[in-house]
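Report on one structure; see the data block that follows.
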Amino acid sequence: MLEGLTVLELDDGLAEFAGKLLADSGAEVIKIEPPRGALGRAVGPFVGSTPDRTSLQFEHYNTSKQSVVLDLTSEADRILLTRLAARADVVLDGLGAGVADSLGVGHTELSAVNPALIYCAVTPFGCDGPWAGFAATDLTQLALGGVMASCGYDDGAGDADGTGYSGAPVAPTGGHVKHLVGMMAVMATLAAVLERGTSGRGQFVDVSAHEATAVSTEMAVPFWLYQQREVHRHTARHAMPARTPRWQHRCADGKYLLALPLYIDDARFAELVEWFDSEGMAEDLADEMYRRSLQREDHMFHVVDVIGRFCARHDSDYLFREAQARRLPWAPVNSPDELLADPHFTEHRDTFVSVAAHGGVHLYAQPPFLIGHGTSIRPAPRLGEHTRDVLGAVLEDEYTADTPARQQA
Amino acid sequence: MASTSPRPLAGTRVLDFTWSVAGPTMTRYLASLGAEVIKVEWPRNADPMRSAMYLGNEQHKTLNNGSFFANLNVGKRSLTVNLRTEEGLAVVRDLVRECDVVAESFSATVLERWGLDHATLQHLNPSIVYASVSGFGHNGPHRDKNTWGPTAQAMSGISAMSGEAGAPPAGWGWSYLDVTSGYMAALGVLTALIRRQRTGEGARLDMSQVEVGISLAGPGLLESAVTGGPLRRRGVPGGNRSVATDGSVVGYRGDTAAPSGVYRTRGGGENDYCTVSVADDGHWRSLKDALGNPAWAEDPRYDEPGGRAEHQDAIDTELAAWMAGRDKYEAMDTLQRYGVPAGAVQSGRDRVENDPQLRSRGIFAELEHPHLGTQAFEGVPFRSSTSDYELEPRWPLLGADNDYVLTEVLGYSAETVSRLHEQHVLWPDGVPANPVVERSLW
């Protein structure tokens, strides 16, 4: 989709998901790495052992990119970067607020050689404001952005291993601050590309991970803005101002089922009762008082207890199949790797792409908006794998561009 | 000034059949980027989010003054038209010719049933970008399964990736995959529009919320695929930690911080907590300085990452004691003065009232709504030197843009418009102009 778009990525972690989305969508993304390599190369999980170990963290976030090593503390390499920027469409700067400026390769310098350049600064808190210089990690940003206040346990479940964390906020794993700000950075960048398509002008874009996170928690902020109520953490379900019945139940096979008790209209509920009753486990749910949703809603804690007892006696795959046959919006709480065995994703849709990488065959998820488009994903580059090719092309182009003038002379 | 800055999608028109949260999030952002979004509904079965959440003191709930709905659908226009009539479908077919994007978030077969499958849309408008958002996508054995955001989260694996080690999944406290599917769908539309600008081609974007979840699951999926071992057995997820005591990654947060945790602060409230992350030796030295170089921190085993990972339980105990007497913002500010990554756990109220950064950046925009008065709305989390991303004070009041759409977009004659009105194609007979709502969802 984005063939022909050239992106320079200067990053220490925050912008690399944005770069991955662009690269996996067909853009030419050149990751500028310092001689020591990007920080992500030293972050696990690893395969292999030192010194030849490969960071799967790095592999995952840097698919389809090229790697060019430049030492931005050296004048000569800064000139090379400027030359690359002169030919690029986009700079994705995840080095931190003001870092590229202090190196002399910020927006001012690069846009001077390329007024059509789109310069996207991806920073933890934005380029200005009282927290602009604050240190940040995924965890601290999930706290400040409001994710943690909405995630956790209200039933002591989190205390199972004696960590003393009962009721404490939980930060979902997986790198979601990078994901949220990455999506927003791509959005702002692609909007700028479209704008440039008509105006011919570049622009400076300032994307804040804190803001991207803070506006992505659905009801928590609206509940305060409009009702001056706070939401409370509830195990595996929406954080809400009031207590709600459970959604998640342990099944006979040890897996959990997300048995969403919302959006169950009277027809669906009647089918649920018939199903449970066919196994002698409907308890009193056939009673008239549960038949209509308006009255049933007053008894949902009990209804959900019955559902929980039914789940405890059945395996999760049976429950998924039979619930969905009755149009109940329920699903097993899978571990991500379990989807690698589901033909819906592996055979019927090109959800995963298999890539011959340096350490073996890797599986990657496609950009979800390109399913069915036969996108190709390339393995993450080795450090400096493309330095010669990319820099060579720049110098050669400049030489060729100069040649006619010389011949005339 | 806002009026002199262009919006990148100015001139792009979106025919918006989306409902609930995921699809409307996509079109909210397209509207913020400058697209003209025409939200299509029929008042008898309008978007249920219209009655999701009202102002706390609202005495008169209608389909037009839901505050959550207003926040989610700011910047859009409203067209009401009955798609169960041939006349209504003819209006929609005419609109497809005048639009750049068709967006919908129904179950997989709904548009087909209306006679508006992708082939028909393409026939009407060869360069149309058709974006759908559904649970599992529009093909495959799971296609017709019933899903909402939380269902997709469970299925995709991201619910299981949230929680304390050894405890049941903690999941997500909201429909994260509604929000992020909206973002991803907007990215899909933008990539398709860029290609269209270059080649003239339209596109079909078949978004699955479960697949969005997979794309956001993080590097754990790759690790599992490469090593052949299930994630569930490795102490993953590891609560708020980045690494286990043996140094193995359990957080996939892009760092190997230890300590990495949340600590109770003064007050005892539900959100009186502060997080700390020590991602490298520099952070550790800074943390020691910030704490006043206490004796316990001089343990040489803590001087390198492996030792800090191994002994993070002991370090946590000391940090918890230091935090206990401090306000969460005071603790954060003290640690940040020394360069230690620390962040208070912020609630909805905290972000609105106590966050100087969000206030300084003006993320919550005060706008005048015709039925709600002046209210704050969640702004766009990026700024541009040349493009205007301020929210536009425009809301899809049911049917408010019917005449604009029919007359100015479609060029219908006054006779045609009044015939459609008389035939009740544009508004159901007997339904008042501003329908009253008895019960709200939240």
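Letters A, B, ... are given to chains in the order of the sequence lines, protein chains preceding strands, and every chain is numbered from 1. Predicted model, so just to flag it, every value in this text is computed and none were measured.
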Give a yes or no answer on whether the side chain of [X] reaches the backbone of [Y] with a donor-acceptor pair at less than 3.5 Å.
| X | Y | result |
| --- | --- | --- |
| Arg253(B) | Pro172(A) | yes |
| Ser159(B) | Val333(A) | no |
| Asn334(A) | Gly157(B) | no |
| Glu195(A) | Pro6(B) | no |
| Thr140(A) | Ala342(B) | no |

Of the backbone (N, CA, C, O) and the side chain (C-beta and beyond), which part of [X] lies under 4.5 Å from a heavy atom of chain A, both, or neither?
| X | value |
| --- | --- |
| Phe377(B) | both |
| Arg359(B) | neither |
| Glu58(B) | neither |
| Glu211(B) | both |
| Val380(B) | backbone |
| Asp178(B) | side chain |
| Val21(B) | side chain |
| Val179(B) | side chain |
| Tyr176(B) | side chain |
| Glu223(B) | both |
| Arg204(B) | backbone |
| Val352(B) | side chain |
| Leu9(B) | side chain |

Gln57(A) side, atom CD; Thr256(B) side, atom OG1 - distance, nearest 0.5 Å: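 Gln57(A) CD to Thr256(B) OG1: 10.0 Å, rounded to 0.5 Å.
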Hey, can you pull the donor-acceptor pairs under 3.5 Å for the side chains in residues 167-174 of chain B, sequence neighbours left out?
from	atom 1	to	atom 2	distance (Å)
Trp172(B)	NE1	Ile158(B)	O	3.1
Trp174(B)	NE1	Ser216(A)	O	2.9

Side-chain donor-acceptor contact under 3.5 Å, [X] with [Y]:
| X | Y | value |
| --- | --- | --- |
| Thr217(A) | Arg351(B) | yes |
| His232(A) | Glu270(B) | yes |
| Asn139(B) | His344(A) | no |

Would you mind writing out the side-chain donor-acceptor pairs for residues 186-193 of chain B within the sub-3.5 Å range, not counting sequence neighbours?
from	atom 1	to	atom 2	distance (Å)
Thr191(B)	OG1	Leu187(B)	O	3.3
Thr191(B)	OG1	Gly188(B)	O	2.7

When heavy-atom pairs shorter than 4.5 Å are enumerated against chain A, which of Trp148(B), Phe136(B), Phe382(B), Phe68(B) gives the highest number? Trp148(B)
Under a 4.5 Å cutoff for heavy-atom pairs, which residue among Asn57(B), Leu205(B), Thr147(B), Leu231(B) has the most contacts with chain A? Leu231(B)
May I ask you to check whether His60(A) and Tyr252(B) place their ring centres under 6.0 Å from each other? no
Verdict with supporting geometry, Trp330(A) and Asn146(B), side chain to side chain contact (heavy atoms under 4.5 Å, CB included): CA-CA 7 Å; Trp330(A) 296 1; Asn146(B) 231 276; over 6 Å; no
Only one of Ser242(B), Ser277(B), Ser260(B) clears side chain to side chain donor-acceptor pair (under 3.5 Å) with Thr137(A); which?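 Of Ser242(B), Ser277(B), Ser260(B), side chain to side chain donor-acceptor pair (under 3.5 Å) with Thr137(A) is met by Ser277(B) alone.
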Are the charged groups of Asp128(A) and Arg361(B) less than 4.0 angstrom apart, N to O?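 Arg361(B) and Asp128(A): salt-bridged.
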In terms of heavy-atom pairs under 4.5 Å with chain B, which of Gly202(A), Pro241(A), Gly145(A), Gly133(A) leads?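 Option with the top pair count is Gly145(A).
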Examine whether an atom of Glu230(A) lies under 4.5 Å from a heavy atom of chain B, and if so say whether it belongs to the side chain, the backbone or both; otherwise answer neither. side chain
